[in-house]
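Working notes for the structure below.
Every chain is numbered from 1, with letters handed out A, B, ... down the list of sequences.
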Amino acid sequence: MNILEGLNDVQRDAVKTTTGPLLILAGAGSGKTKTLTHRIANLILNEGVYPNQILAVTFTNKAAREMRQRLATLIGQPNDRSFMPWMGTFHGICVRLLRVDGKAIRVPSNFVIYDEDDRKGLVKQAMKQLSLGDREVKPAAISSAISSAKNAMQTPDDYDGVAVGPFQKQVAQIYHFYEARRKEAMALDFDDLLIEAVRLLRENPNIRDKWRSHFTHILIDEYQDTNAAQYHLVKLLVNKAQNICVVGDDWQSIYSWRGADFTNILNFERDFPGTKVVKLEQNYRSTGHILEAAHAVISKNNQRTDKKLWTDAGMGYPVQVQGVYDDAEEARLVAERISAQVAIGARRYRDFAVLYRLNSLSYSLERAFFQAGIPYQVVGGVRFYDRKEIKDIIAYLKLIYQPNDRMSFSRIANTPTRGVGTTSLEKFLRWQSTRSENIVEALLLLEDEPVVTGKAKGALVKLGYLLKDIASQLETLSPSDAIEQIITKTGYRDHVQDGTPQAEARDENLGVLVADAQQFASLSEFLEEVALMSSADMQVNDDMVTFMTLHAAKGLEFPVVCMIGIEEGIFPHSRVFEAGAAELEEERRLCYVGMTRAREELHLSYSYSRLQFGQRAYNEPSRFIGDMGDQVALLSPEPQLMGASQDEPFYSDEIGFEVGDSVRSSAFGEGTIVDIDGMAVSVNFTSGQTKKLNVEFAHLQKL
DNA sequence: CGGTTGCACTTTTTT
DNA sequence: AGTGCAACCG
């Protein structure tokens, strides 16, 4: 099989460039993943590179999975880790490096990973213990300040040294406390995974050189969204041969709020002299109208490179902008559009995505789709692994895996309720911290200590034996069996059956968790997957409409995209108003990313009013609609008139047909139009049957 | 100690 | 509108 087949000249050039630094500037929909996959396949099949020597970094686990699948097909090997390059997110790769070599910087190989909730919880604890007034300062603000400090590679002492003003002084104190507790718990948070890996390679030249010679070829996807720590990591891993290939698009940089810095991609040529630059500008995804509207938007940004995507796919349908009266109407319109197209067989549910700026906008959609009986899936929002019952069981697993993890212990010490109140818990923890034993061992010792008394004592000792028992079987027990034991022996299954309407769903979730865990061989593997799994990683197999945020849509594509809530204050979000021009430009890039997810149809809508915080709010149409200029079809009357004109069919003038017209369809023959509802035209055919057809697809010919 | 009630706050976006 | 948490009562 020829790896170069089916590629355009530029893509082929990228694939054939196998040595030296390579920068691929890949516009939206330009066949970036295809190019990357073929490039890796070419290295393996034609250049004699062992898969193991290749490091491919993707932005999400899902992207890694997809790439692995496509590569397996391409090189004709089973999709098995042993035949595959190192593929994963920066975070995932760092976990692997740290599990192997972390000891060199005193990171234990069985560290646990703290997610955003764990971090916030620890910050709250710190604020309480340091008795810092928590009414004015929000834990979330502290948490993000700590994250920024970490990403800037500042230790608590560094931060303390430069902290100015009461807020930063406070952060410094909490940061100290946070780090001390985190290390005691043998935990690393998301930021630590990156910066500890950097520290590992920096402080241990022998280890660094080992990995440098191990990875002969490095590829990084979505390079425009790398942050400082990731940038340092790349520089540390690249060896003398400089076989580094990065792919990205500064127009699609949407994560600067998380520390991403798109100047990394702009400076790549400076960082790696002798870089070959390849530009993928032919778009294979979207039609001309969609591309031009998207281009009109991004053109309003000042801070950007200059390029122009092109397509030979034809203009397609114009981008439609729909003004509506309120959020309920907006949701209903989207639902109706989808129903109409599915009803006539033009599309399937899975062809549609509804995108929005804020998770909270999914509410009205869910209601409307539920009522209309349209199957849908919300990506993000409340993740499966964020549900209470799931987090509880995971906390048990984390504690068994890492018996110093106090956060997890605090979570489950009295879940299900076993008579351990806050006072007993605090007494125990205070006592335990004076001893050398870990939490599980300390629980067992409690029997002969007067630290806690009565019911609480018995309960804690019993919990200790239970944890110890499962931990001792870990060698032989699969993660799935371990979960089953926890659910049964702790009485969690009964705890879930609390008589509330949600009981069944929660019980079902536990079952899903047990089933999910079955694909994992070891507990550490399972915990890692759970911690690093993002909401965008959920698999979509069924025929359903997808709802998700614009951020989560990055890298995806759909035949039809509906973007809702295109209003000032929502998109662009009101928070960028006080911020600066740079933040507004990021919102605009986000708009560009959303629009370029669409293959054939793009529908935007804004609403005159909507429910926010339980009250009605009134927003103006977004400036981004103005940015599109005459690239779009405006389908809305003035907001003031909207309520009155709802019943009018918006398209009747546009489609060129009227009730009573005689038409010919290639599929059904001749007939007469009996009704028009938007794009849906009902035709009474001479064959006797009446069909509801979408004029966009039916290719009706007027007679 | 544990459950309930009421109040305050939420909303950027996520590895 | 929905959630989390603090204060109160049994």
In whole Å, what is the span from the [atom1] atom of [X] to the [atom2] atom of [N]?
| X | N | atom1 | atom2 | answer |
| --- | --- | --- | --- | --- |
| A:Leu361 | B:dT13 | CG | P | 9 Å |
| A:Lys554 | B:dT13 | NZ | C1' | 12 Å |
| A:Asp327 | C:dA1 | CG | C1' | 12 Å |
| A:Tyr231 | B:dT15 | OH | C1' | 21 Å |
| A:Tyr592 | B:dT13 | OH | P | 24 Å |
| A:Lys120 | B:dT10 | NZ | C1' | 11 Å |
| A:Asp115 | B:dT15 | CG | P | 11 Å |
| A:Glu529 | B:dT15 | CD | C1' | 13 Å |

(request) Could you check whether A:Phe613 and the base of B:dT11 form a stacked pair, meaning centres closer than 5.5 Å and planes differing by less than 30°? (result) yes
(request) Determine if A:Phe90 stacks with B:dT15; use a centre-to-centre distance below 5.5 Å and an interplanar angle below 30° as the criteria. (result)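 One would not call A:Phe90 stacked on the B:dT15 base.
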Using a cut-off of strictly less than 4.0 Å, decide whether [X] has a side-chain nitrogen or oxygen near OP1 or OP2 of [N].
| X | N | answer |
| --- | --- | --- |
| A:Thr549 | B:dT14 | yes |
| A:Lys138 | B:dC9 | no |
| A:Thr422 | B:dC1 | no |
| A:Asn359 | B:dT13 | yes |
| A:Thr423 | B:dC1 | yes |
| A:Asn227 | B:dT15 | no |

(request) Could you check which of B:dT11, B:dT13, B:dT15 has an atom nearest any side-chain atom of A:Phe190? (result)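 Of the candidates, B:dT15 comes closest.
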(message) What's the closest nucleotide to the side chain of A:Ser360 if the choices are B:dT15, B:dT11, B:dT14?
(response) B:dT11
(request) Would you sort out whether A:Lys32 and A:Asp249 count as a side-chain contact (heavy atoms from CB on, under 4.5 Å), showing the intermediate values? (result) CA-CA 10 Å; A:Lys32 174 191 75 168; A:Asp249 179 7; over 6 Å; no
(message) Holding to ring pair (Phe, Tyr, Trp, His ring centres under 6.0 Å), I want the full list of residues that pass it with A:Phe409, two or more places apart in sequence or in another chain.
(response) A:Phe428
(request) List for me each residue that meets salt bridge (Lys or Arg N to Asp or Glu O under 4.0 Å) alongside A:Asp101, sequence neighbours excluded, and say none if there are none. (result) A:Lys210
Under-4.0 Å salt bridge between [X] and [Y]:
| X | Y | value |
| --- | --- | --- |
| A:Lys398 | A:Asp115 | no |
| A:Arg506 | A:Asp392 | no |
| A:Asp191 | A:Arg119 | yes |

(request) Find which nucleotide of DNA chain B each of A:Trp257 and A:Leu425 is nearest to by heavy atoms, and output the residue with the more 5' nucleotide. (result) A:Leu425
Quick one: label [X] by what it contacts on the DNA or RNA (base, sugar-phosphate, nothing), any heavy atom closer than 4.0 Å.
| X | answer |
| --- | --- |
| A:Glu116 | base |
| A:Val420 | sugar-phosphate |
| A:Asn414 | sugar-phosphate |

Give each protein N/O atom lying under 3.5 Å from an N/O atom of nucleotides 2-4 of chain C, with the pair distance.
none

(request) Please find out if less than 6.0 Å separates the ring center of A:Phe369 from that of A:Phe547. (result) yes
(message) Let me confirm one number: the CZ-CD1 distance from A:Phe215 to A:Ile244, rounded to the nearest 0.5 Å.
(response) 12.0 Å
(request) Using the C1' atoms only, state how far C:dA6 lies from B:dT11, rounded to an integer number of Å. (result) 23 Å
